[in-house]
Amino acid sequence: AVPVSVVFTPGSVPADLPRQLPYRDVREEPVPVGCKTPTGRRCPRSLPELLWVAPGFLARWQSQPRSRPSPPRLPQGTNVYVGKHRSALVRAGQGLAALRARLQQLTRVMSFTASSIAAALADRVPDGQLGPDARRHLKSSLGYEITFSLLNPDPKSHDVDWDIEGAVNRYVQPVLDKLSVVANFSVDSQILYYAVLGVTPRFDKESSSFLLSAHSLPHVINPVEARLGSSAASLYPVLNFLLYVPERSHSPLYIQDKDGAPVPTNAFHSPRWGGIMIYNIEAPASPQASLPLHVDVDMVRVMEVFLAQLRLLFGISREELPPEFQVESPGNEGLADWELDRLLWAHTVENIATVATTLTSLAQLLDQISNIVIKDDVASEVYRAVASVQDAMAELAEGRLRSAFQASKEAVTSSERAFFDPSLLHLLYFPDDQKFAIYIPLFLPMAVPILLSLAKILREARQRKKEPTKMD
Amino acid sequence: MAAGPLLLLLLLLLGAAGPGAAAAAAAGPGPGLGPGAALREELLLRPLPAGDVAAAFQFRTRWDADLRRGAVSHYRLFPKALGQLVAAQGVRELHLALTQGFWRTRSWGQPPLGAPAGAELWVWFQDTVPDVDKAWKELSNILSGIFCASLNFIDSTNTVTPTASFKPLGLANGTDHRLLRYAVLPREVVCTENLTPWKKLLPCGSKAGLAVLLKAERLFHSSYHSQAVHIRPICRDASCLAVSWELRQTLTVVFDSFTSGQGKKDWSLFKMFSRTLTDACPLASESKVYVDISPKNEEKEFLEVTPTPTSVHEAVVQGDKRTYAVYDLLSPSLFNSSRSLNVQLKWKRPQDSQELSTPVLHAQRYVSGYGLQTGEISTLVHNTHPYRAFPVVLLETVPWYLRLYVHTLTVITKGKENKPSYIHYQPAQDRKRPHLLEMLIQLPANSVTKITIQFERALLKWTEYTPDPNHGFYVSPSVLSALVPSVVAMKDVDVEESPLFASLFPSSDGSSYFVRLYTEPLLVNLPTPDFSMPYNVICLTCTVVAVCYGSFYNLLTRTFHVEEPSRGGLAKRLANIIQNLERVCNLQSLPVMRRAGVKNEGH
């Protein structure tokens, strides 16, 4: 449940308030999530419970303490103003029912909704219930690597340089510092030469430019990815942000969306992978300008796009807001406190779901191969995972997000360690049918005379039964 | 007396790093590569005796940044994968070579860059690395992923820590050999899948510059192919107050142009690589092709190179005075007349090739003995220098399943025993570590030294055999490191100015040069069991048990009747015998027997 304190400024208390202030009011809003995974696995039992508790809100209504100064008045046209921490100003006015509805809307924006639950559990709910964007978010992990790559396919004519160190320190690092509660981040960058997109762009005579249509974008990434190289130092998922400077013979290059209009940012993102931005270089004024042309990349323009993509990939993009809402800019950190809360919450739920699935698969494995040996350390990891999950759920119900997230992280680590323990390698264990196959050359020849004599005994018994009647 | 030459040699080997480290005068950085990064590329073409041609590529990326842990995360020319690896694992120096084929030192001369057949990896770690063995394991696994090679098979059974043979080639404060790890996988087969990741590390890939020539189908259609990666720290400038990092990617290939060229020794770039050069890599600050046109016995006019070289470079390389025709791909005049550069070499007169000038130091190795119990490893080291003796460090790594008898170690020169002045021997532990034998041997002038040691073959557990045990087991080549006295006096050269092929092992002084040679890998047969035996045993036992059981069961369940002796004719007796046989053999004969019994009762 989401605890919400509603504080009334003097004179704004609705007239039809039923009770004396302060009082508590609980509202539940269950979200059913169909519990059948695409793989047909049993759904972990913990999930539905969790989802029953989660949404809805718990409001504590109280009046404004006298000592506080009166808050600024809301501008005309906005009824709700969302701050960058965990507060919002709501215009009261037309009675309690309207206020309740608005509060409900507000909790949906600032806290979580059915769709954010679905996104967090994207891998575990059937496809039909998901919107197209639900699988966009990165999976929860203990850490992420962010790699910025500058692709220069034509170093002969373009000599591109970027001040990536400065840009990372100025724009990316504040966001990552804020996000460091969620995971560890490492940032690096590289410049790749002669790395080309896998698609030849189409020349458009009208605008005398080259166009990449939306449907060809999926083919762009593969040839580039071969050059990116994987990280040698860690096993965390990698987020790639590519800045592509098109060849001289293919510039300017624009991305076309499905309707044929050029995309204003000239960038696109690939779910769970990263983003690509195309950076066109203006042709030199005089054709005699000596090659290569030296270019310094305008990092503000680039980082704006990459940060927006980063938010998208982490699922902290703003959902479409009702028109009367206004949101305070989070400033340099790029992330409001309530957005971070949402992210923490989503990751905690995802972690818990992951642990549940991992442990369920482990249990299934044990069911299949009954003589598998569970060592003490594996068992203790399982116990620890279960205890941590219970911790996490308790903390989550209490609304202590950080400790819940911490516990869920521990649960994931221990459950993975238990599941991937080398002693559980199922190839080490023979299934029963294989044992049977080994012994069949021995048992089959031995069984033949036994079966035959059994048949004979039966036949004789039957004849003996018949014979006396014949004799008589 | 024993310690004297050893100390001298160690000092010399250390000194060898000096001039290399004192790399002065940064070459002007390439266009827009940010601060202090430079790329040089170079191809050395050298006609070998007997009509082969050796082509040695070198790509050198120099980066004025400190790659140590966590210091850098923004890569420009230097490949990110290797940079992260160096930073994460605390590597001070890394040398990886993947080789297919064997460099025949005796007939081809000293290799430009020696490498043993298979995979070789040796790494110096930083002294801040807490657990060198763990870092070594992780490093070899990551490299195995980067280069698609089976380097993950490097474990404690083939890793050694030599004490004298491998000294850091770059900047080094101390040489505590506990930070060194060395391993060779002689079984490794090198092919296209190793070349592609190697090419991907080049800033220009294989799209421009000299790397255009690296076409896999030609490179592996050759007598010898060796590709290597060397990473080492070097001095940033003459004062050596800051460290730069150097990545050298080298590739050596030997083409047999004599047999493929219809008996002529003429060759051209197009004939060898089926490509020609069209431009330099735009990121490179230097891009040159060197062709060795050193005259033999003053018969200069025998060979002819086309097109006319940009310049001619004379240098003393590996103790020989050599002349090189130089093509500078960055000079605009080169591509003026034609769009592409196809270096050709023609011999004006058919050359008689009987005079093979043997190199000063070369070696061979073989295994002898008969039977599957014992054997002997012999190494022959030749010093063909007419009047100078010099010491050589010999490193032998023998796997644990060949149990060396150290008391049988003999070193014989010219019929007399030659006592090594330094011996470092680390015995093997079964399934844990290999034998390591290092010796410092003085080679007298114009002599052959024979080193023999006997061994016993161990029995392996049946799971320890390779999938093809009858092929034999490889023993990694022995390594010879020596400072060979030079015939011609050498000048002290500036590393940044001199060609790359001369600057990985720089000479310490004018009178000698450093050589590292690898002998042949050995193939030793071990006693192999009959692997189908368990299966045979199961089959045989099951059959015997089943047959016994069948007859016992028959005996137990059959009812016996007294049969009167039949006095019938031959036909009747035969029929009886057949019936009896049927009873015994046929398990399904019970009903028949019963019928026969009934018949007999009727008699």
Side-chain angles (χ1 to χ4, degrees), chain A residues 145-150 152-168 186-196 226-234 291-296 438-450 452-457 459-460, chain B residues 30-34 70 72-89 138-139 141-143 145-146 196-197 200-208 279 281-283 538-539 541-543 545-554 556-558 587-591 594:
Chain A
E145 300 221 348
I146 300 178
T147 302
F148 295 97
S149 307
L150 171 64
N152 184 1
D154 192 6
K156 257 187 199 164
S157 35
H158 296 144
D159 168 21
V160 189
D161 199 15
W162 63 348
D163 175 28
I164 185 73
E165 279 109 324
V168 164
S186 66
V187 183
D188 44 40
S189 78
Q190 59 183 344
I191 301 182
L192 297 174
Y193 300 93
Y194 289 105
V196 286
R227 285 291 304 279
L228 290 181
S230 54
S231 161
S234 75
L291 293 175
L293 198 66
H294 185 84
V295 185
D296 275 312
I438 292 170
Y439 289 120
I440 248 186
L442 179 63
F443 285 131
L444 198 63
M446 282 167 65
V448 168
I450 299 179
L452 283 175
S453 53
L454 272 181
K456 193 193 77 181
I457 289 169
R459 208 183 305 128
E460 275 182 0
Chain B
L33 302 171
V72 195
S73 53
H74 301 286
Y75 296 88
R76 288 187 157 85
L77 267 187
F78 205 89
K80 181 167 83 87
L82 289 182
Q84 279 185 335
L85 183 68
V86 167
Q89 301 298 335
E138 279 177 23
L139 180 81
N141 277 309
I142 295 171
L143 282 176
I146 292 179
T196 313
K200 241 171 19 184
L201 297 176
L202 296 170
C204 279
S206 50
K207 300 274 173 54
D279 56 351
C281 170
L283 308 165
I538 289 178
C539 284
T541 327
C542 286
T543 317
V545 168
V547 166
C548 291
Y549 175 80
S551 38
F552 264 100
Y553 186 82
N554 259 346
L556 292 174
T557 53
R558 190 188 297 176
L587 293 170
Q588 295 181 322
S589 61
L590 285 170
R594 195 146 175 86

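Reminder, nothing fancy here: chain letters follow the sequence lines and each chain counts from 1. We use all heavy atoms of the structure for the numbers below, so side chains are in, but hydrogens, waters and symmetry mates are not.
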* Asked: To the nearest 0.5 Å, how far apart are CG in Asp163(A) and CG in Asp296(A)?
  -> 8.5 Å

* Do the side chains of Asn554(B) and Pro449(A) get nearer than 4.5 Å, heavy atoms only? -> no

* 4.5 Å side-chain heavy-atom contact, Leu228(A) and Ser149(A) -> yes

* Answer with side chain, backbone, both or neither: which region of Leu192(A) has an atom nearer than 4.5 Å to a non-hydrogen atom of chain B? => neither

* Asked: At a heavy-atom separation under 4.5 Å, does Thr147(A) approach chain B through its side chain, its backbone, both, or neither?
  -> side chain

* Asked: For Asn141(B), is it the side chain, the backbone, both, or neither that has a heavy atom closer than 4.5 Å to a heavy atom of chain A?
  -> neither

* Asked: Between CD of Gln84(B) and CD of Gln190(A), what distance do you get to the nearest 0.5 Å?
  -> 8.5 Å

